[in-house]
Amino acid sequence: MPSARSHRISYQEAFHTWLKIGLLSFGGPAGQIAIMHRILVEEKRWISESRFLHALNYCMLIPGPEAQQLTIYIGWLLHGWRGGVVAGTLFVLPGFLSIFVLSLLYALYQQTELVTALFFGLKAATLAIVVEAVFRIGRKVLKNRTMVILAACAFVGIFFLELPFPLIVLAAGLIGLIGGHARPKHFCVIHGHEAATEERNSVIHDHQINHTQPTWGRAIRVTALWLAIWFVPIALLFAWLGSGHVLFVESLFFSKAAVVTFGGAYAVLAYMAQQAVEVYGWLQPGEMLDGLGMAETTPGPLIQVVQFVGFMGAYRNPDPFDPLMAATMASVITTWVTFVPCFLWILLGAPYIERLRDNKLLSAGLSAITAAVVGVVLNLAIWFAAHVAFGHVEEWRGFGLRLLLPEWASADYASIVIALGAFFAMFKLKWNMILTLGVASFAGIGYVLLIYPWVY
């Protein structure tokens, strides 16, 4: 059987592609998944649509940032565990460096405008990519009335009713399993012939991958290795600084947060903010919003906000270190314990998920989950659009419903204009993503540094 290296994708090409995805990973999970879909499926055709969605479904089921986990999964498919580690690391690295610089400026000068300007236009333009992804994935998945109804129900459930994301996914999967047994034609959205055609048109084929065979021995080795990578630094902090030091406390706190982050960062942000402000005193009231602003306007997963929380907590409680040294160490350890578990979940579970790709009943269940994911991504796209277009968005709750109510006076006309320009460029002029984001970035920098100070 040929090895995974027999395909045409070199390590160098993969490295550059993962770095590009990491640098362009704006817009939360919706924008990040959209960018990956466009680059990996539409442009490079490294993997087929069905394999992309199959991997995405698994990443939606496990704790942690699903977009980063998807890069690990696909990197692992391409080049084994080394590819997964490189892909997952490069996805996080640009955001880590950006938030480190912003946190440093915030701690020293309470100023982040200069760096934020670099991302202003990118954030607005990413909205066009998110919407395009909803259309692209929707066209592939919502092929019959059943799938449309599932997507609509998922959207209503998460957007209006605020149902827990894991509950929506589990319900969709259960419906798909039952429906696949009773009405298989309605629940298998990618049929054998179509999937085979997609597979032939992509670079990666089933017969080219031999590192996907799961064994008990491999599972034990992977689990032992990544648990050690995760917990040995924590044990060393305990032995060096003791149980009461801020670095050890942060490492434990964010490790616990990492295993309960189902459905994206917002599932734990409220709890995290409360603990950081009221229990540990790492942040002042209102500073969590500043951290969220950094995470939302820089590349990488939104959960990267933990780095800002850890940075500020150690900066204000540095003994026996210099404040900047303590803050730097905190940035590293909080990022470490947040993202290392993602490598464990993927490298342990992906071989089993790949092995089940041809199971018809499971395929029906995952098809239903994929339809639900379209509804969830639409929810994220609308939420993202509201926060791009308006500086302040209230949430009204009543009669068991949740509604987003933008404050019209806070409309950000510059972001709206850049976003509409990006829509026109991508949908009408057919500009590629890099050109669109580049022009939008320059427009944003010009507005923030030149026009905004003059007008306001």
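Scope of the values below: all heavy atoms of this structure, side chains included, with no hydrogens, waters or symmetry mates.
By the 6.0 Å contact criterion, CD on Q12 is open, its count of non-hydrogen atoms from other residues, nucleotides or ligands being 12 or less. Counting non-hydrogen atoms of neighbouring residues, nucleotides and ligands closer than 6.0 angstrom, the CZ atom of R402 exceeds 12 such neighbours. With a 6.0 Å radius and a threshold of 12 heavy atoms from other residues, nucleotides or ligands, F427 has its CZ atom above the threshold. With a 6.0 Å radius and a threshold of 12 heavy atoms from other residues, nucleotides or ligands, H392 has its NE2 atom above the threshold.
In this structure, the side chains of I21 and L40 come closer than 4.5 Å at one or more pairs of heavy atoms.
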* side chain to side chain donor-acceptor pair (under 3.5 Å) between S255 and W230: does it pass, once the steps are laid out? -> CA-CA 9 Å; S255 288; W230 183 358; 3.2 Å; yes
* To do: Any chance you could lay out the side chain to side chain donor-acceptor pair (under 3.5 Å) test for E354 and Y73, step after step, and finish with the verdict?
  => CA-CA 10 Å; E354 281 296 303; Y73 195 118; 2.7 Å; yes
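Nearest heavy atom pair, residue Y352 against residue T215, reads OH-O, 3.7 Å. The two residues F91 and T71 make their nearest non-hydrogen contact at CD1-CG2, 3.6 Å. Summarising the geometry of G180 relative to A364, their closest heavy-atom pair is CA-CB, 3.6 Å, with the distance given to 0.1 Å.
In summary, the aromatic rings of Y106 and F308 are positioned with their centroids under 6.0 Å apart.
Between the Q32 side chain and the S25 main chain, a donor and an acceptor come within less than 3.5 Å of each other. In this structure, the side chain of H37 does not engage the main chain of F52 through any donor-acceptor pair within 3.5 Å.
For the pairing with F311, the side-chain contact (heavy atoms from CB on, under 4.5 Å) check across I99, L104, V306, T334 returns one residue only, L104.
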